[in-house]
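Numbered from 1 within each chain, the chains take letters A, B, ... in sequence-line order.
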2 protein chains.
Amino acid sequence: MTQRPVIDNDAVSELTTGRLSVYLRCLTYLESIEQTTVSSQELAKRFHLNSAQIRKDLAHFGELGTRGVGYNVSRLKAHLSRTLGIDRQRNVLIVGAGNLGLALADYRGFNTNGFHIVALLDVDPEKIGKTSRSGAPIAVWDELQTIVRSQAVEIGIIAVSAEAAQNVHDALASAGVCAILNFAPVQLRLRDDVKVKSVDLRINLESLSYYLKNSEDAACGTD
Amino acid sequence: MTQRPVIDNDAVSELTTGRLSVYLRCLTYLESIEQTTVSSQELAKRFHLNSAQIRKDLAHFGELGTRGVGYNVSRLKAHLSRTLGIDRQRNVLIVGAGNLGLALADYRGFNTNGFHIVALLDVDPEKIGKTSRSGAPIAVWDELQTIVRSQAVEIGIIAVSAEAAQNVHDALASAGVCAILNFAPVQLRLRDDVKVKSVDLRINLESLSYYLKNSEDAACGTD
DNA sequence: GCATGTGAATGGATTCACAGCT
DNA sequence: AGCTGTGAATCCATTCACATGC
């Protein structure tokens, strides 16, 4: 009847997926020190998590552990990679080749283990044709649609000013990008067929400021 | 009796302060277009928020609105600035002058309206003595304690590798910095007299990947 | 015995719906 | 009439505690 938005059937909450990412990182570490088995309690103690929550999170995906023993590190790691959809490469396009865009392009973790940055876009003629330190080419903004289609871009990153962000969002959406990571400090008008996650760096600073203000009287300090 | 950690008395939750930051930004915009009064409903409609939540959030701080009318834009804006503690300047030190550190130093919003970046620190001799584009000096890592004390640094930003992050955290804490914004993808061992907020860029990408995987069968498209 | 997986209990946060003020 | 401020109701997430299985 009505046009259904793209909805995940039995999907798990975003808070949970965030923790899955954390678990994945912990497991990668454990694998690197050649530990083969780990219990939820050990994970919790080592990485300051809650063991019940770990078990509940993992239980969403069937019985991954062995009672009396724990979880097999590499098997669980592989399972989480698959669950998060990073067992294959996803192509990423960064719009905005300013400081932030370039920093993200070279950020370890944005160009590895499932993600590949195909290019950055900008309007500044000075920048076009150059590359980021990691080698991602900087192309002209007009190429957006072409690049998205020819390079099978699945994720777009908005690293432009607040003013330009809505336009970039709309262009990415029209070009067929379904997932966007937005760094511009605005409330974007969203479309229900595109998933947008916003990271607002300023809000984090303000939150710390609030904390400081609230503990201004209390002692806080050096020993 | 026991040594009390620094606890905020009647403080409001972090989710709430995040929204206060958003409201503040909306009000700044409304002020710029010279609107003097706004109701919770209008705010909600304009910026895709929930009017009941706006009212509840604001009600924590007394009766800021006028029944039958709404809120006075600039009065509310001033109040939120005070509440968030950005009605005065807070000095910020960035540790790590790599791409991310430099991007943050030049990020509009990190060096304005209540925040001032006093310096970046690094270990690379190549970088020492230079400045970021915005003019923040890059100093040598050993100067951390000196700079924190002489420049009254209140907020530290960790923009170094995962491996180095714990050390940086500890050094900042010992130097007397009470609030830290961490960009390194690690679970830090925390101290209870220091507030740490972590921003994990990779987790956001993985969350989008999860979304993509879960809507892979469903249509997701262009127009 | 030991650790998982899970219903039940708790604790927060969001939303509803309306009383109370202008 | 209109909009705030707020108890009550709802929803969601976390934690507890134990039955289940290795």
Side-chain angles (χ1 to χ4, degrees), chain A residues 7-23 26-27 30 35-77 79-80 83 187 203 207 210, chain B residues 7-23 26-27 30 35-77 79-80 83 187 203 207 210:
Chain A
I7 290 236
D8 340 52
N9 26 16
D10 46 4
V12 99
S13 95
E14 225 162 279
L15 285 166
T16 309
T17 66
R19 288 191 300 266
L20 295 184
S21 290
V22 171
Y23 305 155
C26 297
L27 291 164
L30 291 177
Q35 185 169 331
T36 57
T37 302
V38 71
S39 70
S40 60
Q41 283 177 58
E42 190 193 346
L43 270 176
K45 188 159 277 176
R46 248 185 202 275
F47 302 102
H48 319 109
L49 309 166
N50 176 300
S51 67
Q53 187 157 64
I54 294 173
R55 291 199 299 280
K56 187 143 264 184
D57 287 342
L58 297 180
H60 281 117
F61 309 102
E63 310 222 340
L64 285 82
T66 310
R67 295 173 195 223
V69 180
Y71 301 90
N72 176 292
V73 172
S74 44
R75 217 163 61 81
L76 183 55
K77 180 176 167 239
H79 194 281
L80 290 182
T83 301
Q187 307 296 114
I203 283 180
S207 157
Y210 175 77
Chain B
I7 289 236
D8 341 52
N9 24 16
D10 47 2
V12 98
S13 94
E14 224 161 278
L15 285 166
T16 309
T17 65
R19 286 191 301 266
L20 296 183
S21 291
V22 171
Y23 305 156
C26 297
L27 292 163
L30 291 176
Q35 185 167 332
T36 57
T37 301
V38 71
S39 70
S40 59
Q41 284 176 57
E42 191 194 345
L43 269 177
K45 188 159 278 176
R46 249 185 201 275
F47 302 102
H48 320 110
L49 309 167
N50 177 301
S51 67
Q53 186 157 64
I54 294 173
R55 291 199 300 280
K56 188 144 263 181
D57 286 341
L58 297 180
H60 281 117
F61 309 102
E63 311 222 341
L64 283 78
T66 313
R67 298 177 191 220
V69 180
Y71 302 90
N72 176 292
V73 172
S74 45
R75 217 164 59 81
L76 183 54
K77 180 176 167 241
H79 194 280
L80 290 181
T83 301
Q187 307 296 115
I203 283 180
S207 156
Y210 175 77

Rounded distance (Å) that lies between atom [atom2] of [N] and atom [atom1] of [X]:
{"X": "A/L64", "N": "D/dG21", "atom1": "CG", "atom2": "P", "answer": "17 Å"}
{"X": "A/I54", "N": "D/dC16", "atom1": "CD1", "atom2": "C1'", "answer": "16 Å"}
{"X": "B/L43", "N": "D/dC3", "atom1": "CG", "atom2": "C1'", "answer": "13 Å"}
{"X": "A/D57", "N": "C/dT4", "atom1": "CG", "atom2": "P", "answer": "13 Å"}
{"X": "B/Q53", "N": "D/dC12", "atom1": "CD", "atom2": "C1'", "answer": "14 Å"}
{"X": "A/N72", "N": "C/dT4", "atom1": "CG", "atom2": "P", "answer": "13 Å"}
{"X": "B/R19", "N": "C/dT15", "atom1": "CZ", "atom2": "C1'", "answer": "12 Å"}
{"X": "B/E14", "N": "C/dT14", "atom1": "CD", "atom2": "P", "answer": "13 Å"}

Listed nucleotide nearest any side-chain atom of A/R67, set C/dT4, D/dC3, C/dT6: C/dT4

Residue B/S40, side-chain heavy atoms: nucleotide from D/dG5, D/dT4, C/dT14 that is nearest: D/dT4

Separation between [atom1] of [X] and [atom2] of [Y], rounded to the nearest 0.5 Å:
{"X": "B/H79", "Y": "B/L64", "atom1": "NE2", "atom2": "CG", "value": "4.5 Å"}
{"X": "B/D57", "Y": "B/L80", "atom1": "CG", "atom2": "CG", "value": "9.5 Å"}
{"X": "A/H60", "Y": "A/S13", "atom1": "NE2", "atom2": "OG", "value": "8.0 Å"}
{"X": "A/L20", "Y": "A/I54", "atom1": "CG", "atom2": "CD1", "value": "11.0 Å"}

Distance-only donor-acceptor test (3.5 Å): side chain B/K56, base C/dT14: no

Check: D/dT4 base within 3.5 Å donor-acceptor of B/R55 side chain: no

So, does [X] get its side chain near the phosphate of [N], meaning an N or O under 4.0 Å from OP1 or OP2?
{"X": "B/S13", "N": "C/dG12", "result": "no"}
{"X": "A/N50", "N": "D/dT15", "result": "yes"}
{"X": "A/Y71", "N": "C/dG5", "result": "yes"}

A/H60 or A/G70, whichever maps to the more 5' nucleotide of DNA chain C: A/G70

Over 12 non-hydrogen atoms of neighbours within 6.0 angstrom of CZ in A/R75: no

Sugar-phosphate, base or nothing in reach of A/L58, heavy atoms under 4.0 Å: nothing

